[in-house]
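What follows is a set of notes on a single structure, which appears directly below.
None of these values were measured; they are calculated from a predicted model. We use all heavy atoms of the structure for the numbers below, so side chains are in, but hydrogens, waters and symmetry mates are not.
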Amino acid sequence: MHVREKFPWAKGNEPLVRKLGRANAQRRKWLESRRQGCESPLYQSHLDSKALKTYANYQKDSSSSTATTTRATATDSGGSSSMKMDEDEPESLVPEPPSDLTSGRRFRCPYCYIQVEISNTPEWQRHVFADLSSYTCTFDSCPAPLFETRQQWFQHEMEVHRKHWQCDIGSMPSDWELTPQAFGNHLAKHLEELSLFVLPPTTAND
């Protein structure tokens, strides 16, 4: 399984490994269903409602530090809900967009097949992660659905589960200042990297 190969540190938590593997299997199904849908003559007039919801949610979340919800809902319980996750750091593993972002032209996303208008690389990266619902609750017994943004996901973990800062997927630097935001960004990058594995080889970076 790719999870074990990519993150050998996670082998000690077999239920989480299986959960992350199931999440990627679900993402592959979403990508295939969207691909098949876009090939239908009726697709342009009957766009996948899931993809439309994803794009609308990405737009709202990228312009606000307040968590929004699409598939999963987290209640507002104070401090953690106002924490802004850092979603603007470059992620070299995200495939390049199919269009020059500086042109200002709309283009069709190769993953959700919606015509989008995205003006910079961080926006494109957030859009791809939203399409993949890249964020999985890392508590193996939690039935929460996949999340489309870091903000949604980490708000859920903070408010529902997390009491300790322990990464069960990869190793953690020993010399860093451990804060909730730093830990959340560290764990989110593992989840993002794992989700990108399901993208078609023809569009993924080498």
Using a strict cut-off of less than 4.0 Å between a Lys/Arg side-chain nitrogen and an Asp/Glu carboxylate oxygen, indicate whether E192 and R150 qualify as a salt bridge. yes
Check whether the side chains of R162 and T138 place a donor and an acceptor atom closer than 3.5 Å, and report yes or no. yes
Are any of the side-chain heavy atoms of R106 and V116 separated by less than 4.5 Å? no
Inter-residue atom distance N120.CG - T102.OG1, 0.5 Å rounding: 11.0 Å
For the atom pair OH (Y113) and CG (D131), what is the distance rounded to the nearest 0.5 Å? 10.5 Å
Classify the angle between the aromatic ring planes of W153 and Y135 as parallel (below 30°), tilted (30 to 60°) or perpendicular (above 60°). parallel
Apply the test side chain to side chain contact (heavy atoms under 4.5 Å, CB included) to residues V17 and D140: give CA-CA distance (whole Å), side-chain angles for both, the deciding distance (0.1 Å), then the verdict. CA-CA 8 Å; V17 169; D140 57 82; over 6 Å; no
Is there a side chain to side chain contact (heavy atoms under 4.5 Å, CB included) between L191 and L20 once you walk through the steps? CA-CA 9 Å; L191 298 175; L20 295 174; 3.9 Å; yes
Does the pair Q152 and T149 meet the rule for a side chain to side chain contact (heavy atoms under 4.5 Å, CB included), with working shown? CA-CA 5 Å; Q152 293 174 356; T149 69; 3.1 Å; yes
So, do Y111 and L31 sit near enough that their side-chain heavy atoms are less than 4.5 Å apart? yes
For S119, check side chain to side chain contact (heavy atoms under 4.5 Å, CB included) against everything at least two apart and list the hits. E123
Just wondering, do L199 and L132 contact through their side chains at under 4.5 Å, heavy atoms? yes
Give a yes or no on whether the backbone of F129 and the side-chain of E148 come within a donor-acceptor separation of less than 3.5 Å. no
Write down the atom of I118, the atom of L101, and the distance for their closest heavy-atom approach. O-CD2, 3.4 Å
Working note: R126 + T121, criterion side-chain hydrogen bond (donor to acceptor under 3.5 Å, both in side chains); need CA distance, chi angles, decisive distance, verdict. CA-CA 9 Å; R126 285 195 298 269; T121 299; over 6 Å; no
What residues, two or more places apart in sequence or in another chain, satisfy side-chain hydrogen bond (donor to acceptor under 3.5 Å, both in side chains) together with S103? none
What is the ring orientation for F139 with H161, classed by angle as parallel under 30°, tilted 30 to 60°, or perpendicular over 60°? parallel
Is any side-chain heavy atom of P98 closer than 4.5 Å to one of R108? no
Counting only N and O atoms by type, is there a donor-acceptor contact under 3.5 Å from the side chain of R34 to the main-chain atoms of C112? no
Run the side-chain hydrogen bond (donor to acceptor under 3.5 Å, both in side chains) test against E32 and tell me which residues pass, sequence neighbours left out. R35, Q36
Heavy-atom closest pair, residues R27 and L146: NH2-CD1, 4.0 Å
Could you tell me whether the side chain of W30 and the main chain of S133 form a donor-acceptor pair under 3.5 Å? no
Do V160 and C142 have side chains that get closer than 4.5 Å, going by heavy atoms? no
Between atom CH2 of W124 and atom OG of S99, what is the distance when rounded to the nearest 0.5 Å? 9.5 Å
Applying side-chain hydrogen bond (donor to acceptor under 3.5 Å, both in side chains) to N24 and Q26, what does each step give before you reach the verdict? CA-CA 5 Å; N24 264 7; Q26 180 64 65; over 6 Å; no
The reported gap from CG in L16 to NZ in K19 (rounded to nearest 0.5 angstrom) is 7.5 Å
Check the hydrophobic clustering (I, L, V, M, F, W, Y; side-chain heavy atoms under 4.5 Å; chains of links allowed) and say if F197 and L93 are grouped together. no
Report yes if the side chains of N13 and I169 come closer than 4.5 Å at any heavy-atom pair, otherwise no. no
Would you name the heavy atoms of H190 and C167 that are closest together and state the gap between them? CD2-SG, 3.5 Å
